[in-house]
Amino acid sequence: FSNSCELLLELRKKDLLKNRPKYWWPNVGTFEVVMGAILTQNTKWDNVEKALNNWKSENKEWRLEEVATFEPSFLAEIIKPAGFYNQKAKRLIALSRNILRDFGDFENFKENVSREWLLAQKGIGFETADSILCYACFRDTMVMDAYTKRLLKKKGYEFESYDDMKDWFERGVEENWDRVAEFYENDLNLCYARFHGKIVEFMKHG
Ligand SMILES: Cn1cnc2c(N)nc[n+](C)c21
């Protein structure tokens, strides 16, 4: 393929998101996505689901205002399956408190947070920031990760940086938007959310 739109059209033929949510990431648009984006660092997604369900199994939703009040040891115990749980607990509590301090509530955070603000938070790099922007805040931005890197390498593409690879994906879609817009309700965020999900599912299950 010569651009990312050709890659998307190839992946679309494989029905990779069967039985998956519309935007691929579970509970998009909620604070749970912020939790999952940090928890998935350096572990498998199955472990993230176990950690998230430790709280949800007691009919509780993950709420920003609540996590901000947690003791690190209390949250660490809940998220243990995700690994690095003491560090992740500390960072999630600090992030929650900074969101309340700078945005007041989750809705305002969703509307107004920037990539720069996220990257300034301890424990948030490009992949985590873009996961939060795309799947929690519905921004027109595509997530790059080890799966996207490996897929492109397999096809002979190498990039100097995270943002170079991101630029290749986003430019290829935007320059050919008329070819795929109809499949994604003319919504670029929906396209990027599903495109990234297809790549992850393809690289995990082939
Ligand atoms: C939502 N999400 C984030 N990372 C994932 C992964 N590696 N595998 C599967 N899923 C569903 C994931």
Side-chain angles (χ1 to χ4, degrees), residues 4 7-8 10-12 14-57 60-64 67 75 78-85 87-89 91-92 95-96 106 109-110 113 115 118-119 121 123-155 162 165-166 169-170 173 184 187-206:
S4 62
L7 170 59
L8 175 57
E10 266 182 52
L11 290 174
R12 288 197 76 245
K14 300 171 188 296
D15 199 15
L16 292 159
L17 300 189
K18 203 170 40 273
N19 314 322
R20 291 280 174 195
K22 178 177 177 181
Y23 284 81
W24 178 65
W25 196 298
N27 299 316
V28 285
T30 70
F31 179 66
E32 183 181 307
V33 171
V34 176
M35 294 293 297
I38 304 263
L39 292 177
T40 199
Q41 293 172 352
N42 305 305
T43 192
K44 291 195 318 221
W45 182 251
D46 301 349
N47 297 332
V48 177
E49 286 184 328
K50 289 190 187 101
L52 291 172
N53 289 333
N54 279 345
W55 182 252
K56 291 175 69 183
S57 58
K60 298 189 186 82
E61 294 306 307
W62 286 98
R63 282 177 26 77
L64 166 65
V67 173
L75 180 56
I78 297 170
I79 63 171
K80 200 162 243 178
F84 306 95
Y85 41 87
Q87 185 182 74
K88 289 178 180 176
R91 287 174 172 176
L92 281 165
L95 173 63
S96 300
F106 184 65
F109 167 80
K110 272 171 76 169
V113 71
R115 195 182 199 222
L118 287 167
L119 291 171
Q121 307 306 312
I124 295 186
F126 288 124
E127 179 182 338
T128 303
D130 288 340
S131 295
I132 290 168
L133 289 168
C134 177
Y135 296 101
C137 308
F138 293 115
R139 303 296 175 81
D140 295 346
T141 190
M142 189 165 172
V143 177
M144 300 292 120
D145 61 12
Y147 294 115
T148 48
K149 187 171 181 178
R150 204 175 323 136
L151 174 55
L152 287 187
K153 192 161 178 183
K154 224 164 69 158
K155 307 278 185 176
Y162 179 101
M165 178 162 52
K166 181 181 175 64
F169 270 101
E170 294 178 353
V173 169
Y184 299 103
D187 180 344
L188 196 50
N189 166 257
L190 179 61
C191 174
Y192 287 151
R194 292 183 65 81
F195 193 177
H196 175 68
K198 288 173 189 287
I199 292 171
V200 174
E201 300 298 346
F202 177 66
M203 295 307 283
K204 280 174 75 171
H205 313 302

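One is the number of the first residue; the rest follow in order along the sequence. Fair warning: this is a prediction, and the values are worked out from it, not measured in the lab. In each ligand, atom 1 is the first atom listed, and ligand 1 is the first ligand listed.
Under 3.5 Å, the side chains of K166 and T148 contain no donor-acceptor pair of N or O atoms.
Taking Y162 as the reference, F126 meet the ring pair (Phe, Tyr, Trp, His ring centres under 6.0 Å) condition, with sequence neighbours excluded.
Proximity of V113 to L133: side-chain heavy atoms (C-beta onward) are separated by under 4.5 Å at one or more points. Counting heavy atoms from C-beta on, the side chains of K88 and T43 come closer than 4.5 Å.
The salt bridge (charged side-chain N to carboxylate O under 4.0 Å, His left out) pairs that include a residue from residues 19-42 are R20-E201, K22-E185, E32-K56, where partners are two or more places apart or lie in different chains. Among pairs with a residue in residues 33-52, none fulfils salt bridge (charged side-chain N to carboxylate O under 4.0 Å, His left out), at least two apart in sequence or across chains.
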Could you list, one pair per line, each nitrogen or oxygen of ligand 1 together with any protein nitrogen or oxygen closer than 3.5 Å, giving atom names and the distance rounded to 0.1 Å?
unit_1   : atom_1 : unit_2 : atom_2 : d
ligand 1 : 8 (N)  : K204   : NZ     : 2.7

